[in-house]
Protein chains: 2
Amino acid sequence: MRPEDLRFQVLRHLEQKPDMTQRELAATLGISLGRVNYCVQALIERGFVKAANFRNSRNKRAYLYKLTPNGLTEKAALALRFLRRKEQERQALLQEIEALRAELGEASSHEQGEQ
Amino acid sequence: MRPEDLRFQVLRHLEQKPDMTQRELAATLGISLGRVNYCVQALIERGFVKAANFRNSRNKRAYLYKLTPNGLTEKAALALRFLRRKEQERQALLQEIEALRAELGEASSHEQGEQ
DNA sequence: TGACCTCTGTTCATCCATTGAACGCATAGA
DNA sequence: TCTATGCGTTCAATGGATGAACAGAGGTCA
């Protein structure tokens with residue numbers, strides 16, 4: 001997972017659920033706690049996320065990770081880049097699959113609606 | 001790139017062009033010389049590739065990397081696994097793209113023929 | 001109150017795959 | 001023969017990811 005994609009995913013999750021802990025983020029994203037911590041600190045450093053004190057009965061020293069206005073803008077920009085790249089990856093995957101099917105002599109399935 | 005995929009790609013290239021050098025393989029696959037060497041030696045060790053002496057005017061100490069019968073079988077098996085996984089990846093990518101389009105409020109394009 | 005427990009963010013030594021410069025060697029050409 | 005070139009091979013160095021361990025804050029209960 002690219003650093004840019006990680007930042008996007010973290011922003012995405014924190015916007016929807018600001019009371020997530022770094023351990024929860026790590027488990028959800030399938031990466032280590034250390035890497036999440038590094039990413040979150042970078043987002044705070046850049047002013048995209050603000051860590052507010054947060055106290056309730058379940059969490060002991062947890063923060064609320066609230067997205068700043070700049071954070072929302074950044075998240076939207078990252079989302080669009082992410083989407084465009086995924087579309088491109090999917091197109092590239094199609095070509096790779098077709099090439100492999102040709103090599104293997106498989107009948108290529110009719111996939112319509114692709115450019 | 002996974003080790004398994006790398007082995008497949010190396011077998012694929014060597015079957016089509018057995019006089020490729022390890023440096024050519026590295027450049028084509030976008031990885032380092034050291035990693036290619038490690039992979040090729042593993043393929044030789046497992047009996048999937050045999051390195052025959054090869055002498056011509058352009059290459060000084062190059063080998064001919066010929067696929068053995070077992071190598072051909074292995075390559076076919078890897079190809080099928082590779083194809084199936086790529087198809088699955090492409091399907092997963094579609095779901096991810098659709099989810100992102102929904103978040104972004106984009107009109108989802110009509111892609112037919114997918115299950 | 002105070003001792004203890006729990007859960008958090010934070011740190012950093014460790015690991016491991018990857019890299020590519022450097023080497024030895026074999027051949028071609030002068 | 002001697003030199004240059006290009007090959008496979010090696011391995012010290014790099015860099016990112018990991019997760020155990022730590023310190024701190026708040027809850028709990030006698």
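Proteins come first, then strands; the chains are lettered A, B, ... in the order of their sequence lines, and each starts at number 1.
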Rounded interatomic separation in angstrom, taking [atom1] from [X] and [atom2] from [N]:
{"X": "A:Leu25", "N": "C:dT8", "atom1": "CG", "atom2": "P", "value": "12 Å"}
{"X": "B:Met20", "N": "D:dG6", "atom1": "CE", "atom2": "P", "value": "17 Å"}
{"X": "A:Glu24", "N": "C:dT8", "atom1": "CD", "atom2": "P", "value": "7 Å"}
{"X": "B:Glu45", "N": "D:dT9", "atom1": "CD", "atom2": "P", "value": "12 Å"}
{"X": "A:Leu6", "N": "D:dA17", "atom1": "CG", "atom2": "C1'", "value": "12 Å"}
{"X": "A:Leu64", "N": "C:dC7", "atom1": "CG", "atom2": "P", "value": "19 Å"}
{"X": "A:Asp19", "N": "C:dG9", "atom1": "CG", "atom2": "P", "value": "11 Å"}

Which heavy-atom pair separates A:Gln22 from A:Val36 by the least distance, and what is that distance?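 Minimum heavy-atom contact is O-CG1, 3.7 Å.
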
Which pair of non-hydrogen atoms, one from A:Gln91 and one from B:Arg90, has the smallest distance, and what is that distance?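 That would be N-NH1, 4.4 Å.
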
B:Glu103: side chain to side chain donor-acceptor pair (under 3.5 Å) partners, not counting sequence neighbours: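 Once residues adjacent in sequence are excluded, the partners of B:Glu103 under the side chain to side chain donor-acceptor pair (under 3.5 Å) criterion are A:Arg12.
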
For A:Arg84, side chain to side chain donor-acceptor pair (under 3.5 Å) partners two or more places apart: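 Side chain to side chain donor-acceptor pair (under 3.5 Å) list for A:Arg84, sorted by chain: A:Glu87, B:Glu106.
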
Among C:dG9, C:dT19, C:dT11, which nucleotide has an atom closest to any side-chain atom of A:Tyr63?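 Among the listed nucleotides, the one closest to the side chain of A:Tyr63 is C:dG9.
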
Side chain of A:Asn37 only, please: which of D:dT10, C:dT11, C:dT8 is the nearest?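 Shortest atom-to-atom distance from the side chain points to C:dT11.
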
Hey, is the side chain of [X] poking within less than 4.0 Å of OP1 or OP2 on [N], counting only N and O atoms?
{"X": "A:Gln22", "N": "C:dT10", "answer": "yes"}
{"X": "B:Gln41", "N": "D:dT10", "answer": "yes"}
{"X": "B:Tyr65", "N": "D:dG8", "answer": "yes"}

Residue pairs fulfilling side-chain hydrogen bond (donor to acceptor under 3.5 Å, both in side chains) with at least one residue in residues 67-76 of chain B, sequence neighbours excluded: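 Pairs touching residues 67-76 of chain B that pass the test: B:Glu15-B:Lys75.
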
Among residues two or more places apart or on two chains, list those pairs meeting side-chain hydrogen bond (donor to acceptor under 3.5 Å, both in side chains) that have a residue in residues 40-50 of chain B.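 Counting only pairs at least two positions apart or across chains, the side-chain hydrogen bond (donor to acceptor under 3.5 Å, both in side chains) contacts touching residues 40-50 of chain B are B:Asn37-B:Gln41.
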
[X]: side chain to side chain contact (heavy atoms under 4.5 Å, CB included) partners, not counting sequence neighbours:
{"X": "B:Ser32", "value": "B:Arg35"}
{"X": "A:Arg85", "value": "A:Arg2, A:Glu4, A:Asp5, A:Phe82, A:Glu89"}
{"X": "A:Lys66", "value": "A:Leu64"}

Can you check nucleotides 22-24 of chain C for protein contacts, nitrogen or oxygen pairs under 3.5 Å, and list what you find?
residue : atom : partner : partner atom : Å
C:dG24  : N2   : B:Arg61 : NH1          : 2.8

Reading 5' to 3' through nucleotides 12-17 of chain C, protein heavy-atom contacts under 4.0 Å coded B for base, S for sugar-phosphate only, - for none: ------

